[in-house]
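This report concerns only the one structure given below.
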Amino acid sequence: MERNGSSSSTSAGIIEHKAYARIGLVGNPSDVYYGRTISLNIENFWACVRLQPSSDLHIIPHPTHDLVQFTSLSHLVNRLENEGYYGGVRLLMAICKVFTKYCKEQGIHLHSKNFSLSYDTNIPRQTGLSGSSAIVCATFSCLLDFYNIRDKIPVEIRPQLILNAENELGIVAGLQDRVAQVYGGLLYMDFNMESMNKHGHGNYIQLDTSLLPPLHLIYAENPSDSGKVHSTVRQRWLDGDKLIISSMEEVANLALEGKAALLKKDYTKLATLMNQNFDLRRRMFGDAALGALNIEMVEIARRVGAASKFTGSGGAVVAFCPDGPSQVELLEKACKKAGFSIEPVKIVPSLLNEIDIATLSTSNTSQ
């Protein structure tokens, strides 16, 4: 399978696409509040979708993630308590619906051939690494290539369509994850209200991935549900809560400062911004909402002098060791002792191919 926007195809017409886990470096969760973020795609974890021509349209359940056969009633109950009620099939179906509806509204012709969709993923559940949106994003890429309309749906529009599919299922989130997974690489995003209202998307700039220092991913095997974190803060923001509004503005400004720090490779500043990002989140959401396990992952890094923050809404942490390998070794030992997994972050380059780039507006360019 090729990494970029072009799909992997065989003589049988099979199309495969991967979408990768996402790390929010600075600025999240201000994307839900007309803010700014910097995110990156990582090779460590991914979702893969395969589309194969078939006589009937067939959505194939995953043997593990869409399990419907159990050894006992207690097995079923334990599964639901740990994994929830739904796997990936609903995600594949939702994006098919949204994709078809959008094409019909835009007058984009779709041929009448059918296909089978299947998926696989190794993105850990409930870690704030955008596992659900990765499945939707990879499916969307397969549909673009199956119908040969990659040139007809602008790159900037695609993240919103992916989010629309998740909204169909009651998933509440912002655009950041979907933008990162559509574009790939390292991305600065500005979701200012004027651009969002006028164009339906923000301003997105791809940055050179070589600007990043070495980063590490820390995650728990049994994290809390990252989907519950936004709820009360969102309502308080809508209600005009001054603390939430001012704090979200501060978080958004961290991304602006983060972009400047990366361009200068000022990693001391970047470490400060990462820590500030988490501290502001903690002030807004409170410890009860963030969860003791999630907070411990952040603090375990800080105790060895590393900068750390959530990758998303909880369940995983991105850490930066400004003092280098000796500090990384201390962090690895501390994580192992606490029972957390830790691994070096592997960056995904840009996923856009020439056809994708040709659809971009001039305001959304690389830097």
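These figures come from a predicted structure and were not determined experimentally.
In this structure, M93 places its CE atom where only 12 or fewer heavy-atom neighbours from other residues, nucleotides or ligands lie under 6.0 Å away. Summarising the local packing, CD of E105 is surrounded by more than 12 heavy atoms from other residues, nucleotides or ligands at distances under 6.0 Å.
Between I347 and N41 there is no side-chain heavy-atom pair separated by less than 4.5 Å. When side chains are defined from C-beta on, L129 counts as touching P124, because their heavy atoms get closer than 4.5 Å. Side-chain contact between Q276 and T272: present, with at least one pair of heavy atoms (C-beta onward) separated by less than 4.5 Å. Here the side chains of L290 and F310 are in contact, with some heavy-atom distance below 4.5 Å. R22 is listed as a side-chain neighbour of T311, based on a closest heavy-atom distance under 4.5 Å. The shortest side-chain heavy-atom distance between L57 and I59 falls under the 4.5 Å cut-off. Contact annotation: the side chain of L263 approaches that of L211 to within less than 4.5 Å [non-hydrogen atoms, C-beta and beyond]. In this structure the side chain of H58 never reaches within 4.5 angstrom of the side chain of L117, judged on heavy atoms.
Taking each heavy atom of N44 and P344 in turn, the nearest pair found is ND2-O, 2.8 Å. Residues A255 and G27 approach most closely at CB-CA, 4.1 Å, considering heavy atoms. The two residues A338 and I300 have their closest heavy-atom pair at CB-CD1, 3.2 Å. Taking both residues in full, the closest heavy atoms of S350 and Q206 are given as OG-NE2, 3.2 Å, listed atom of the first, atom of the second, then distance. Scanning both residues, S130 and I123, for their nearest heavy atoms gives O-CD1, 4.3 Å.
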Which donor-acceptor pairs under 3.5 Å do the side chains of residues 158-174 make with protein atoms, sequence neighbours left out?
residue	atom	partner	partner atom	Å
R158	NE	I153	O	3.0
R158	NH1	D356	OD1	2.8
R158	NH2	R150	O	2.8
R158	NH2	I153	O	3.0
R158	NH2	D356	OD1	3.1
Q160	NE2	N164	OD1	2.8
N164	ND2	Q160	O	3.4
E166	OE1	R178	NH2	3.0
E166	OE2	R178	NE	2.6
E166	OE2	R178	NH2	3.1
N167	ND2	I171	O	2.9
E168	OE1	K97	NZ	3.0

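One distance of note links NE2 of H65 with CG of L91; it measures 11.5 Å at 0.5 Å rounding. Atom CG in L273 sits 5.0 Å away from atom NZ in K269 (nearest 0.5 Å). For the atom pair CG (N353) and OG (S141), the distance works out to 9.5 Å, reported to the nearest 0.5 Å. Atom OG of S39 is separated from atom CD of Q181 by 9.5 Å, given to the nearest 0.5 angstrom. For the atom pair CD of Q106 and NZ of K152, the computed distance is 12.5 Å after rounding to the nearest 0.5 Å. Atom CE of residue M248 and atom OG of residue S246 lie 10.5 Å apart, to the nearest 0.5 angstrom.
R302 pairs by the side-chain contact (heavy atoms from CB on, under 4.5 Å) definition with N275, F278, D279, V298, S308, not counting sequence neighbours. A search for salt bridge (Lys or Arg N to Asp or Glu O under 4.0 Å) contacts involving E329 returns K333, not counting sequence neighbours. Under the side-chain contact (heavy atoms from CB on, under 4.5 Å) criterion, N197 pairs with Y34, M193, sequence neighbours left out.
Placement of L254 and L243 in two distinct hydrophobic clusters is found when ILVMFWY residues are connected by side-chain heavy-atom separations under 4.5 Å, directly or transitively. I355 and L351 fall into different hydrophobic clusters, where Ile, Leu, Val, Met, Phe, Trp and Tyr residues are linked whenever their side-chain heavy atoms come under 4.5 Å apart, directly or through other members. Cluster annotation: I218 and V328 are assigned to distinct hydrophobic clusters (Ile/Leu/Val/Met/Phe/Trp/Tyr, side-chain heavy-atom contacts under 4.5 Å, transitive). Taking hydrophobic clusters as Ile, Leu, Val, Met, Phe, Trp and Tyr residues chained together by side-chain heavy-atom distances below 4.5 Å, I60 does not share a cluster with L143.
E296 contributes no side-chain N or O that, together with a main-chain N or O of A292, makes up a donor-acceptor pair within less than 3.5 Å. No donor-acceptor pair closer than 3.5 Å links the side chain of S247 to the backbone N or O of R281. Between the side chain of N294 and the backbone N or O of G315 there is at least one donor-acceptor pair closer than 3.5 Å. At least one donor-acceptor pair closer than 3.5 Å links the side chain of S72 to the backbone N or O of H75. Between the side chain of D208 and the backbone N or O of S210, at least one donor-acceptor pair lies under 3.5 Å. The closest donor-acceptor contact from the side chain of E16 to the backbone of V49 lies at 3.5 Å or more, if one exists at all.
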Given S55 and N114, is the side chain to side chain contact (heavy atoms under 4.5 Å, CB included) satisfied, shown in steps? CA-CA 6 Å; S55 56; N114 282 326; over 6 Å; no
Going through the checks in order, is the side chain to side chain contact (heavy atoms under 4.5 Å, CB included) test met by V318 and Y219? CA-CA 9 Å; V318 57; Y219 58 98; over 6 Å; no
Run the ring pair (Phe, Tyr, Trp, His ring centres under 6.0 Å) check on Y20 and F45 step by step: do they pass? CA-CA 6 Å; Y20 297 86; F45 299 109; over 10 Å; no
Please report the C-alpha distance between H17 and D145 in whole Å, then the side-chain angles of each, then the deciding distance to 0.1 Å, and finally whether the side-chain hydrogen bond (donor to acceptor under 3.5 Å, both in side chains) criterion is met. CA-CA 10 Å; H17 274 287; D145 288 340; 2.7 Å; yes
Residues D31, M189; criterion side chain to side chain contact (heavy atoms under 4.5 Å, CB included); working and verdict: CA-CA 8 Å; D31 58 308; M189 308 169 225; over 6 Å; no
Verdict with reasoning, L352 to Y183, per side chain to side chain contact (heavy atoms under 4.5 Å, CB included): CA-CA 6 Å; L352 304 182; Y183 282 72; 3.7 Å; yes
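For the side chain to side chain contact (heavy atoms under 4.5 Å, CB included) with Y188, the lone residue among I38, N203, L262, L25 that qualifies is I38. A side chain to side chain contact (heavy atoms under 4.5 Å, CB included) with N28 is found for exactly one of D177, N277, I23, namely N277.
No side-chain donor-acceptor contact under 3.5 Å links Q52 and S116. Side-chain contact annotation: H199 with S195, donor-acceptor N/O pair under 3.5 Å absent. Side chain to side chain, R36 and N192 fail the donor-acceptor criterion of an N or O pair below 3.5 Å.
Identified under the ring-ring contact (aromatic ring centres under 6.0 Å, His included) test for residues 98-118, with sequence neighbours left out: F99-F140, F99-Y147, H111-F146, H111-Y147, F115-F146. Among residues at least two apart or in separate chains, there is no ring-ring contact (aromatic ring centres under 6.0 Å, His included) pair with a member in residues 336-359.
For W237 and Y33, the gap between ring centers is short of 6.0 Å.
With respect to the salt-bridge test (charged N to carboxylate O, under 4.0 angstrom), the residues R282 and E299 qualify.
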